[in-house]
Amino acid sequence: PELGSFPLDHYRECKSEIETYYKCLQNNNHMAPKCRDETRLYLRCRMEKGLMNKTDVASFGIPDTEFVPTTMHKKDMRSYLQSTKMEHLGPNLGKVLRE
């Protein structure tokens with residue numbers, strides 16, 4: 001693949017890696033920084049299968065340190081989850097409850 005392209009995994013060659021990443025997201029309230037190791041595994045799989053150019057995963061800028069959510073992350077996530085729950089009640093009822 002050319003630099004900058006990201007071909008789809010039509011043959012699901014990295015299926016287990018992407019499923020592990022999605023499970024990590026679900027288990028961590030969709031905070032992607034908490035799934036850095038899974039992200040690295042998925043990128044390595046794509047490189048090994050020829051779905052993207054081989055390069056050092058460190059060049060992607062994914063920190064090696066553990067992600068610790070700040071108060072702002074927690075507030076943003078709480079408000080996102082509340083709005084999502086209200087939308088499940090129906091757009092009109094969710095809007096009325098927010099007002």
Side-chain angles (χ1 to χ4, degrees):
E2 293 181 32
L3 183 63
S5 69
F6 202 79
L8 296 176
D9 186 2
H10 292 290
Y11 301 108
R12 305 190 83 188
E13 297 174 81
C14 296
K15 179 182 177 183
S16 66
E17 289 81 355
I18 196 66
E19 287 178 349
T20 301
Y21 174 72
Y22 288 148
K23 285 177 188 172
C24 178
L25 286 175
Q26 287 176 336
N27 293 335
N28 289 289
N29 294 321
H30 300 278
M31 285 192 191
K34 290 196 141 234
C35 302
R36 292 173 177 162
D37 292 336
E38 290 79 0
T39 301
R40 286 186 200 90
L41 290 173
Y42 176 62
L43 291 171
R44 282 189 192 108
C45 177
R46 289 187 59 86
M47 287 183 236
E48 289 168 6
K49 305 295 182 181
L51 294 168
M52 60 188 294
N53 288 336
K54 290 188 179 184
T55 187
D56 183 13
V57 176
S59 70
F60 288 100
I62 303 168
D64 289 327
T65 57
E66 181 182 351
F67 174 74
V68 179
T70 65
T71 304
M72 193 63 198
H73 287 108
K74 292 175 185 173
K75 285 181 185 176
D76 288 346
M77 187 52 61
R78 189 176 309 118
S79 98
Y80 167 76
L81 291 173
Q82 287 173 344
S83 69
T84 303
K85 287 177 186 175
M86 289 196 184
E87 290 305 319
H88 288 299
L89 298 173
N92 294 329
L93 182 56
K95 188 182 349 176
V96 169
L97 292 174
R98 274 193 295 266
E99 294 174 349

Might you point out which heavy atoms bring Ala32 and Leu25 nearest each other, and give the distance in Å?
->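 Ala32 and Leu25 have their closest heavy atoms at CA-CD2, 3.6 Å.
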Closest non-hydrogen atom pair, Lys34 against Cys24 = O-SG, 3.8 Å
Only counting residues at least two apart or in another chain, list the ones meeting salt bridge (charged side-chain N to carboxylate O under 4.0 Å, His left out) with Asp9.
-> none
Quick one: salt bridge (charged side-chain N to carboxylate O under 4.0 Å, His left out) partners of Asp64, sequence neighbours excluded?
->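 If we apply the salt bridge (charged side-chain N to carboxylate O under 4.0 Å, His left out) test to Asp64, skipping adjacent residues, the hits are Arg40.
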Among all residues two or more places apart in sequence or in another chain, which pass the side chain to side chain contact (heavy atoms under 4.5 Å, CB included) test with [X]?
X	value
Thr65	Arg36, Pro63
Leu43	Thr39, Met47, Met52, Phe60, Ile62
Cys45	Cys14, Glu17, Lys49

So CZ of Arg46 and CD of Glu13: to nearest 0.5 Å the spacing works out to 9.5 Å
Set of residues satisfying side-chain hydrogen bond (donor to acceptor under 3.5 Å, both in side chains) with respect to Tyr21, sequence neighbours excluded |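 With neighbours one apart ignored, the set is empty.
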Is it possible for you to say whether Tyr42 and Tyr22 belong to one hydrophobic cluster, with membership spreading through side-chain heavy-atom contacts below 4.5 Å?
->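 Both belong to a single hydrophobic cluster.
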Are the side chain of Asn29 and the backbone N or O of Met31 linked by a donor-acceptor pair below 3.5 Å?
->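 No, because the side chain of Asn29 does not come within donor-acceptor range (under 3.5 Å) of the backbone of Met31.
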